[in-house]
Amino acid sequence: MDRREFVRRVSTGSAALAGPAVLGSLAGCAAPSGTVAPRPNVVLIFTDDLGYSDIGCYGGELRTPNIDALGMGGLRFTNFINAARCCPSRACILTGLYPHQAGVGGMMNDRGVPGYRGDLGRDCVTLAEVLRDAGYGTYATGKWHVTRFIEADGPKHNWPLQRGFDRYFGTITGAGSYFEPQTLTLDNDPVEEPGEGFYYTDAIGDRSEQFIEAHISQRPDAPFFLYQSFTAPHWPLHAPEEDIALARGRFDAGWDRLRMERHERMLAAGIVDPRWTLPVREAGAPPWEEAENRAWQLRRMEVYAAQVESMDRAIGSLVETLRRRGVLDDTLILFLSDNGGCAEEINTQGWYDYILRGGERVSREFTLDGRPIQVGNDPAVMPGPDDTYQSYGLPWANLSNTPFRLYKALTHTGGVATPLIAHWPAGISAVGEPRDQPGHLIDFMPTLVELAGATYPTEYGGEAIQPMEGVSLVPAFADDRPLDRDPIYVEHEGSRAVMDGIWKAVARGNTGPWELYDTQVDRTETRDLAVRQPGELARLSAMWEDWANRVRVFPRPG
């Protein structure tokens, strides 16, 4: 069937992928305990600005049957950490290093010091470079966002094909229109302006399937690695009207009641601990009963849901392709988000300047057919169409990050917690179980090096390569015992955190004081123990300083 028919059937529940049969079939094809699986194909699915609890198998009310089937047919990690923002997280997941070590400690501009070049360094290697040297076919689709050189006629030393990928389709820059994305690229060449009916999430899904189909036909004996990096559900709020209509009415209860309902489902599923207090509503989020412009507020969440649910359908279609080609059992599928839900409100002059005139080419001023793009969160303008440019705002981000505090770009748990699903029928037998071991994006490199039988180089392209920072997650595929790992660290724009055993020290911005939490009983960060445990706080903050000096957080511009 064609893609539009597939979308319609999944949306109405009539496609097999969306129903209980698929969840059961995925969960039922795990390898018997004790068997040794061959090195797997790998599909690494990275979403953009997805909150911790948005998807159904983590408690959300969004309709994500295909992602849920992967989660319930595999493992759901409940204590996994990202790098707090899109480009640092992408640099981190691609290299196995902390983002500052890879040169992307901030955003995509060169700030003149090693940790903040806005461009991947040459003293790191990517997953694609390592896996291709191990015999894998390597493919990337979607958002790249790890180089400041985004022009087709400019330097391409850090474009996907120059960093180990055999094929690429996507956008070199970060955010942008879903209907008319800028810097759209096939391999190394710009793609002609998309035509009527184009929707970026669908296109990422289509190209992913084409790359996999071609690989299986042309290199049937070689494993493959697909890095599928969606922009969904990052702003702008763009979705086809038919998809938005499917979400209409589902959020009418408002963010307060929905947040409570999510929390109850998370407790029942064992995703969160009943000892963790659900924090009060974040400052800046009014009670739903007092919210103004409720029709517009609901529309914002409905478009956001449509973006996530479109992505879920693309993922379901890819899983169906893998099943049809007989490689699903031998494919490790990893699904996660680059940061927490995004509280950014696009309504200031700074946002206008960044979106319309910034160096990352985030948006045009006019659609391709000449209509002005209405930039900003104006309640008089309903989001969704191609001539709007809005975000879903703080109150809905507070819902997305249930039960945690704060948001994207901050290092409190709401900013850095990600759902992580690992699905691999031939290699994971403990299906449907949660995993509570702490993990971080730096762990994907050692995990895939181990599974692929690859060699992580000490030198590459004539450059000395920094050692891997993380640990392999492979032991967690078998059981829930703690991993033998170093503490986990995060820094972004001055916000900072260190996690060591049950303890987490965290601070907001350059001037925010250190806070201290016992995450075993308070992962939601409601009871600051800094005054009661000064020795523990001093130990952790000193560890963070040592780490920051080692990994190029310092020197920090300004």
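Along the sequence shown, residues are numbered consecutively beginning with 1. What's counted below: heavy atoms across the whole structure, side chains too, no hydrogens, waters or symmetry copies.
- Contact of the Trp547 side chain with the Glu491 side chain is registered, since non-hydrogen atoms from C-beta on lie closer than 4.5 Å.
- Closest heavy-atom contact between Tyr517 and Arg527: CD2-O, 3.3 Å.
- Taking the side chain as every heavy atom from C-beta outward, Phe179 and Pro194 never approach each other to under 4.5 Å.
- Of the charged side-chain nitrogens involved, at least one lies within less than 4.0 Å of a carboxylate oxygen, so that Lys504 and Glu525 count as a salt-bridged pair.
- In this structure, Asp273 pairs ionically with Arg275, as a charged nitrogen and a carboxylate oxygen lie closer than 4.0 Å.
- Closest non-hydrogen pair, Arg357 versus Glu365, comes out as NH1-OE2, 3.9 Å.
- In this structure, Ile55 and Leu62 have side chains that are not in contact, with every pair of non-hydrogen atoms separated by 4.5 Å or more.
- Residues Ala409 and His492 share a closest heavy-atom pair of O-CD2, 3.7 Å.
- Note that OG1 of Thr413 is 6.5 Å distant from CD1 of Ile81, once rounded to the nearest 0.5 Å.
- Counting only N and O atoms by type, the side chains of Thr388 and Gln374 include no donor and acceptor under 3.5 Å apart.
- For the pairing with Tyr178, the ring-ring contact (aromatic ring centres under 6.0 Å, His included) check across Phe230, Phe198, Tyr199 returns one residue only, Tyr199.
- Side-chain contact annotation: Thr171 with Thr183, donor-acceptor N/O pair under 3.5 Å absent.
- Checked for salt-bridge contact, Arg523 and Asp436 meet the test: a charged N lies under 4.0 Å from a carboxylate O.
- Nearest heavy-atom pair across Ala422 and Leu334 is CB-CD2, 3.8 Å.
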| Could you go step by step and tell me if Tyr98 and His440 meet the ring pair (Phe, Tyr, Trp, His ring centres under 6.0 Å) rule? | CA-CA 10 Å; Tyr98 284 107; His440 189 278; 5.3 Å; yes
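- For the pairing with Glu61, the salt bridge (Lys or Arg N to Asp or Glu O under 4.0 Å) check across Arg250, Arg262, Arg257 returns one residue only, Arg262.
- Asn158 contributes a side-chain N or O that, together with a main-chain N or O of Leu120, makes up a donor-acceptor pair within less than 3.5 Å.
- Side-chain atoms of His412 and Glu515 include a donor-acceptor pair closer than 3.5 Å.
- Screening Ser391, Pro383, Ser400, Cys342 for a side chain to side chain contact (heavy atoms under 4.5 Å, CB included) with Tyr304, the sole residue that qualifies is Ser400.
- At a cut-off of 3.5 Å, with distance as the only test, a side-chain donor of Ser229 or Arg90 sits close to an acceptor on the other residue.
- Classification of the Trp351-Tyr354 ring pair by plane angle, with boundaries at 30° and 60°, yields perpendicular.
- Proximity of a side-chain donor or acceptor of Thr402 to a complementary backbone N or O of Ser53 within less than 3.5 Å is not detected.
- In this structure, Met499 and Pro438 have side chains that are not in contact, with every pair of non-hydrogen atoms separated by 4.5 Å or more.
- Of the possible polar contacts, none joining the Thr126 side chain to the Thr95 backbone as a donor-acceptor pair under 3.5 Å is found.
- Taking 4.5 Å as the limit, every side-chain heavy atom of Phe46 sits out of range of all side-chain heavy atoms of Gln228.
- Side chain of Thr147 to backbone of Asp119: no donor-acceptor contact under 3.5 angstrom is found.
- Within the 4.5 Å cutoff, side-chain heavy atoms of Phe251 are placed close to those of Leu258.
- One finds a salt bridge joining Asp49 and Lys408 here, because a Lys/Arg side-chain nitrogen approaches an Asp/Glu carboxylate oxygen to under 4.0 Å.
- A distance-only check finds no donor-acceptor pair linking the side chain of Arg76 to the backbone of Tyr58 [under 3.5 Å].
- Using cut-offs of 30° and 60° on the angle between ring planes, the pair Tyr52 and Phe404 is perpendicular.
- Side-chain contact of Trp235 with Gln390: a donor-acceptor pair under 3.5 Å is absent, judged by distance alone.
- With 3.5 Å as the limit, one finds no donor-acceptor pair spanning the side chains of Asp48 and Thr231.
- Inter-residue side-chain proximity for Glu493 and Leu410 is flagged as unmet; no heavy-atom pair is nearer than 4.5 Å.
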| query | Are Arg371 and Phe366 close enough, and set up right, to give a side-chain contact (heavy atoms from CB on, under 4.5 Å), and what steps lead you there? | reply | CA-CA 5 Å; Arg371 289 168 292 128; Phe366 298 90; over 6 Å; no
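- Here Asp443 pairs with Arg485 in a salt bridge; the nearest charged N to carboxylate O distance falls below 4.0 Å.
- The two residues Gln437 and Ala476 make their nearest non-hydrogen contact at NE2-CB, 3.4 Å.
- The shortest distance between side-chain heavy atoms of Leu44 and Ile93 falls below 4.5 Å.
- Ring pair Trp255/Trp396 is perpendicular by interplanar angle, where above 60° counts as perpendicular and below 30° as parallel.
- Rounding to the nearest 0.5 Å places OG1 of Thr201 at 7.0 Å from CD of Gln307.
- A distance-only check finds a donor-acceptor pair linking the side chain of Arg265 to the backbone of Gly59 [under 3.5 Å].
- Note that CG of Asp202 is 12.5 Å distant from CE of Met311, once rounded to the nearest 0.5 Å.
- Salt bridge annotation for Arg435-Glu433: present, with a cationic side-chain nitrogen under 4.0 angstrom from a carboxylate oxygen.
- Between the side chains of Asn347 and Asn377, not a single donor N or O lies within less than 3.5 Å of an accepting N or O.
- No hydrogens or angles considered: nothing links the side chains of Arg294 and Gln297 as a donor-acceptor pair under 3.5 Å.
- Of the inter-residue distances, the one linking His145 atom NE2 with Ile150 atom CD1 reads 8.5 Å to the nearest 0.5 angstrom.
- Donor-acceptor pairing under 3.5 Å is lacking for the side chains of Thr367 and Asp387.
- Residues Ser541 and Trp514 approach most closely at CB-NE1, 3.6 Å, considering heavy atoms.
- Between atom CG of residue Asp312 and atom CG of residue Asp68 there is a gap of 7.0 Å, rounded to the nearest 0.5 Å.
- Every residue two or more places apart in sequence or in another chain was checked for a side-chain hydrogen bond (donor to acceptor under 3.5 Å, both in side chains) with Glu180, and none qualifies.
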| request: Test Thr47 against His234 for side-chain contact (heavy atoms from CB on, under 4.5 Å), laying out the working first. | output: CA-CA 9 Å; Thr47 73; His234 194 294; over 6 Å; no
| message | Quick one, Gln520 with Trp276, criterion side chain to side chain donor-acceptor pair (under 3.5 Å). Give me CA distance, side-chain angles, the key distance, then yes/no. | response | CA-CA 8 Å; Gln520 187 173 46; Trp276 307 344; over 6 Å; no
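- For residues 278-293, the pairs satisfying side-chain hydrogen bond (donor to acceptor under 3.5 Å, both in side chains) are Asp256-Arg281, with sequence neighbours left out.
- In this structure, CG in Leu441 is found 5.0 Å from OG in Ser89, a value given to the nearest 0.5 Å.
- Ser495 places a side-chain N or O within donor-acceptor distance of the main-chain N or O of Gly509, the cut-off being under 3.5 Å.
- Within 6.0 Å of the CZ atom in Arg556, the count of heavy atoms belonging to other residues, nucleotides or ligands exceeds 12.
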